[in-house]
Every structure is written in structure tokens, then in C-alpha cells.
Amino acid sequence: MAWHEALLFLLSAVLTLMLIGAPVAFAFIGANLVGAWFFMGGEVGITQLLSNGFGALSNFGLVPIPLFLLMGELFFRTGLGMRMFNAIDQLMGRVPGRLSYVTVVGGTAFSTLSGSSMGSTALLGSLLVPEMERRGYKRHMSIGPILGTGGLAIIIPPSAIAVLLATLAKLDIGDVLIAGIIPGLLLATLYMVTIWIKTKIDPDAAPAYDVDPVSFSQKIKLFSRDIMPMLGVIIMIVIMMLTGFATPSEAAAFGALGIIGLAALFKALTFEAFKLSVVGALKVTLMAYLIVFGSATFSQLLAFSGASSGLIEWAISFDLSPLLMLTAMFLVLLVLGTFMEAISIMMITVPFFFPLAQSLGFDLIWFSIITLVALEVGFSTPPLGLNLFVMKGVAPPGTTMKEIYLASIPYILCSILLVILMVIFPGIVTWLPYLSGN
Amino acid sequence: MSSFIRFYDRLVNAFAFVSGLMLIWLMVAVVLSVLIRNFGAQPPAWLFTSTEYSMFYLTLLGAPWLVREKGHVYIEVAISNLPPKILDAVSRLVMFICAVISLVLAWKGLELVISNIQGSDYDVRTYFVPMWILTVAYPISFALMGIEFTRFIFSKNAFHSGQNGEF
């Protein structure tokens, strides 16, 4: 079988199963079963599939995923998240467009810790959009920043998806996590500038309203009690990884323990909250790990059948400039992101894109951050981005898809600007991981 | 029959409970090993190995429960606008396909376990662990998933009803 036939065969098997609604993990496992039969010697291939799965799952590098998720769940279920959110809200004072900024700052902290872009879009959308509406904010000022924060969550550590990408691409997990810090902060700044420009152009979009004055000493108290400890956990994780004191798995374990400690300190750690957190983290972990189980064989099949090398050689044969190739890969990720979730996209594209990126001379850590941004942009890109529909589901009745589309565009442009900046100044991404000497 | 179903449901729940405990164990084991290391001692090797094996076991032990909870994520775009009757039929067809996939893997898993026992295979990391102790999770897990998917073929409550969590 020629490489393009093998490629077509494997991809159409996965996509058909996915599109008829098979659970993603089973779409991959089903395609693996058929593929293993054809390309790996019949029944022996299926046994090989099970052996591969064991190797893929019993990998210490995957430990941060459940622990980051546990951290996020605890943060949300114990009420620490809302505590932080409210404190940021009070500290903002009377800045025009204040609630939009609060959404970016609080939402970023929240979705970073919660690790799920769609979960946090749903929560923040249902929580903040009605409140902002009540204050007379126009919808683009409320919906846009919420859609934007998902993009930050995926690149700022602790990000479970970044861990998974690093695992699939066989990169140093710590490097990928650390590499996301500066681009993440830069993207947050771009969002803030966008809000500022919007409030300047149309002050009525976010009407000012009176808030109870908060004295300086109260502000210090709010910051040190309700923000600093939670922020401290994230900073601790980053420093542990940056200094090489701990591996990402170890940093994640201390992060989860840190949040448990904080929740206990705030007397918010009930048995119920703990149980719900473990169940929540377990659900996403099981779902993700079973997809990882399928991934080992899927990438092997792509290699065995010659599909990966064939496609990569074909792509290189066009002799396009690296920038054009990067644009093409970015667009593929964007299109896939409009109907698939992150893990599936990574599993399908990583076996092709990373070797291709390497042959083009790209730094793979840099390329992984570009990939993460592309994934998130895809989720919020009209007309089909998944987050847009999540937002439609939770936004106040009467919100049209057009309003949601228009609200998302400035924030998507910010992400694209970030990618352009990362292309022109790769140091934005690579400086920190190489500084840490990992 | 109903008491058998109750026993079966409890078994799936019990596996999920163990899976949850293993998730907590990941945190405890990793924290312990870092603490021991920083007290200048060498953490026992089983601590590290236990985390690797825990991830394997927790995935397989919890997966059948997740099927029942409809927690395995799927893509809705293509099927969400189908007329209810067709969606229902597609949903049951998908459950049939998933049940077949699971049962094939359960069967091949069982063969693998038998060959591991006959060949006296070991997983060689810090210890020599008989391979079958690990691979036995395959036939158990996939058989249970096969049963759970089969239940959705006949259940009034179709798998593709309600929202599934997206990652």
C-alpha cells in the first residue's frame, strides 16, 4: 500500500468513527485495531497494540496531568477560586472596563488552574456575563475576554494539555511548561490593551459605576490573604521546575498538596469538596489516558505504514519556505480545532508536524508553544469553534451567534499577533527554558 | 438477576474507587519521594515504580465506570442536528462498534495474559514483576467496558443524550 493510501485509510478510519460520535479514545483504538491487522501482521499486531498501551501509560512523565487536574478541581470546589476572583474584583477599583480586566486576570488564573478550556468558558460565561450585562456592559466586552482566557490557560503552567503535547512529541515536559510563561503573560497584556482601546473608542461599552472604596490597608489585606497564597502555589510550581529542584511531576504533586493545605487553612476543605475534586480529576484523567493508550499504536501505525515519512517527504518536496510551511501547519491546526478537541488533534498532527518542524530547523520547544496557541485559537474561531458554542449555551438568552463571533475576533487577532511576535522574536519562547538550563 | 446486576454495578464502582485512590496515591508517593530525597536519603525504588503502575491500573480500572458515566468525550458536531430517531439509531450503532472493539481487546488481552504466564514474562524495572499481574487488567477492563457499551445498545438512556465533558 502506498503511503498516501495508508494515510487516507488510517485518517478516514479515525475521522469516520469520530464523526459518527464514537468516544474519541475508541475512535483511535478502533482504527488501531484495523490498522494493526493490516500493517502489523494480523493478530500479532493487536497483541502489540496492548503491549504498546502498557508502555505508554506506565510513563512517569504523565503524572502531572491528574495532579494538575486535581489542583484545579480543588481550587474550584473548595471556593478558593471564587475567593481569588472576588479579591481581584475589589482591587481593581473604578477603572473603566474594570470587569473586563477582572475577567482577563481572574479568568486566566482560574482557567489556568482548572486546566479545561471549555469547562472554564462555561463557568466564567455563566457567572460573569449576566453580572456584566446587569452593569450595562456591551456583550463584546463580556464575552470576548472570557473566550480569550482559554487561550492563556492552555499555555501558562500548570497546563495539562501542554504536558500531554510534550509527552506525545517526546519533549522535555518542564521545558514546554516553562516556555509558555512569557508568551502567556504577553498574550494577557495584549488582551488588556485590547480592552483599553475598546473602552477608549466606545466608553459606553463598559459604563463606569460606583464601587465601595477599598482602603489601602484593606487592599494589602485582600492581596496577601486572598490572592498571594493561590498565586504563590503557581509561582512555587514554576520555580521548582525552573530551578530544576523538582521534575514537573514532582512540582505538580506539591501544587496539589499546596492547594489542599490552603483549602484546609481557609477551613474550606470538606470531605464532599475533596471527593468531588477527586471524581472530577479522575474523569478527565481516565478520558485522556485512554486516548493516550490509543496514541502509542496510532503513531506507530503511521510510521510502520510509511504514512508519516511519506507525508513529510511530500510536504518537503514543495520546497516551501519554513514560514509558509509554518503557516500551513498553523492553518491545519486551526481548522481541526473548529470541530475536534485538543488531544485528538495533537494525536493526529504530532507524528507529522514535529518531525517536519525539525527538518525545517525549528526549535521544537518553540514549535510546541505555537501549536498550543493554534489549538486554542481553533477553539474560538468562527464559525465552528467549540468554545463559541459552549458560550452560546451559557450566555444570557437572546445572545446571538453573530455577537459571539464578533466578540471573539479581537482576541483571536491578539493570539495571531502573539504568534507573529514569536516568529519574529523566538526568544520570547526559548529564553526562559534555556536560561533554566534544562 | 437484579441482585447480580447490583453486584456487577458495585464491582464497577469498586474498581472506580480503587482508581480514585490510586490518583491520590500518585500525589502522596511523589511528595514522599521528594521529601525523603531532601532529607538526604534514597527514596525506596518501589515508590517510583508504584506511580508508574498506578497510572496503568487506574486508567483500566476506572474506564468501565467512565463509560457508564458517559464521561468518554465524543465529537457532537456531525450528529447533534440529526433527527432524534436517526440519532438514537446511530448512537446504538456506535455503542455496538465500541462493544465489539472492547470485547476483541478483552479476548486478545486474555490471550496475552495466558502467554505471559506460560512464557514466565517479567516487567523489568526496579523489580522483576510478573507481567501477567499487570496485563490481567486488560481482559477485566475491556470486558467490563464491552458490557457497559452493550448496556447502552439496549438501554432507554442512550449514550449520546446530554452533554459529555470536553477536555
Side-chain angles (χ1 to χ4, degrees), chain A residues 17-27 29-30 33 43 46-47 49-51 53-54 57-60 62-63 66-67 70 116-119 160-161 246 249-250 252-254 256-257 278-279 281-293 339-344 384 386 390 393, chain B residues 16 19-21 23-24 26-31 33-34 48 51-56 58-60 62-63 65-67 69 71-79 87 90-91 93-94 97-98 100-102 104-105 108-109 111-112 115 123 125 131 134-135 138 149 159-160 163-167:
Chain A
L17 284 170
M18 275 188 187
L19 290 176
I20 60 170
V24 170
F26 284 83
I29 296 173
L33 269 184
E43 288 191 45
I46 301 177
T47 312
L49 187 159
L50 294 171
S51 305
F54 172 69
L57 286 176
S58 56
N59 167 7
F60 190 67
L62 288 175
V63 168
L67 298 181
L70 182 63
S116 156
S117 152
M118 290 186 208
I161 292 188
S249 301
E250 293 165 353
F254 274 94
L257 189 71
V278 174
V279 170
L282 187 63
K283 279 186 171 176
V284 183
T285 303
L286 291 173
M287 189 269 288
Y289 275 13
L290 206 63
I291 298 177
V292 170
F293 168 81
F339 66 96
M340 254 186 220
E341 40 65 63
I343 309 179
S344 316
L384 289 174
L386 292 169
V390 174
Chain B
S19 180
L21 287 183
L23 193 150
I24 300 169
L26 288 181
M27 180 183 75
V28 175
V30 175
V31 168
S33 67
V34 175
F48 181 77
T51 56
E52 295 191 319
Y53 288 164
S54 290
M55 282 187 294
F56 173 73
L58 84 82
T59 307
L60 291 171
W65 166 77
L66 198 65
V67 174
E69 295 279 312
H72 287 287
V73 68
Y74 63 85
I75 292 173
E76 285 178 290
V77 165
I79 55 167
L87 175 63
V90 170
S91 174
L93 172 71
V94 167
I97 296 171
C98 291
V100 171
I101 293 172
S102 303
V104 168
L105 287 178
K108 296 306 291 180
E111 282 184 4
L112 181 63
S115 100
D123 182 49
R125 297 189 186 199
M131 201 64 199
L134 299 157
T135 51
Y138 280 136
F149 281 125
F159 185 84
H160 296 82
Q163 291 276 314
N164 277 19
E166 299 259 17
F167 191 64

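Just so you know, these numbers come straight off a predicted model, no measurement behind them. By convention in this document, chain letters (A, B, ...) are assigned in the order of the sequence lines, proteins followed by strands, and residues within each chain are numbered from 1. As a basis for the values below, the full set of heavy atoms in this structure was taken, side chains included, without hydrogen atoms, waters or symmetry mates.
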Which heavy atom in [X] sits nearest to a heavy atom in [Y], and how many Å separate them?
X	Y	result
B:Y74	A:P23	CB-CA, 4.0 Å
A:L282	B:A16	CD2-O, 3.8 Å
A:L286	B:S19	CD2-OG, 3.9 Å
B:M27	A:A253	CG-O, 3.7 Å
B:S102	A:F26	OG-CE2, 3.4 Å
A:M287	B:G71	CG-O, 3.7 Å

Would B:L66 and A:K283 count as a side chain to side chain contact (heavy atoms under 4.5 Å, CB included) here? Give the steps.
CA-CA 7 Å; B:L66 198 65; A:K283 279 186 171 176; 3.6 Å; yes

Set of ring-ring contact (aromatic ring centres under 6.0 Å, His included) partners for A:F293, sequence neighbours left out
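Partners of A:F293 by the ring-ring contact (aromatic ring centres under 6.0 Å, His included) criterion, ordered by chain and then number, come out as B:Y138, B:F142.
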
Proximity breakdown for [X] and chain A, heavy-atom pairs closer than 4.5 Å:
X	value
B:L58	both
B:V104	side chain
B:I24	side chain

Do the side chains of A:T285 and B:T59 get nearer than 4.5 Å, heavy atoms only?
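With C-beta onward as the side chain, the pair stays apart.
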
Any side-chain heavy-atom pair of A:I20 and B:I97 under 4.5 Å
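A:I20 vs B:I97: side chains touch.
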
Out of [options], return the one with the most heavy atom pairs under 4.5 angstrom to chain B.
options	value
A:L49, A:V292, A:L70, A:L290	A:L290
A:A22, A:P66, A:G21	A:G21
A:L19, A:V279, A:V278, A:L50	A:L50

Winner by heavy-atom pair count (cut-off under 4.5 Å) against chain A, out of B:L60, B:L93, B:L87, B:L134:
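So the answer, after comparing B:L60, B:L93, B:L87, B:L134, is B:L134.
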
Residue selection (most heavy-atom pairs with chain A, distance under 4.5 Å) from B:L26, B:V94, B:T51, B:V100:
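Highest number of pairs under 4.5 Å: B:V94.
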
Which atoms of A:L33 are under 4.5 Å from chain B, going by heavy atoms: the side chain, the backbone, both sets, or neither?
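The answer is the side chain of A:L33.
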
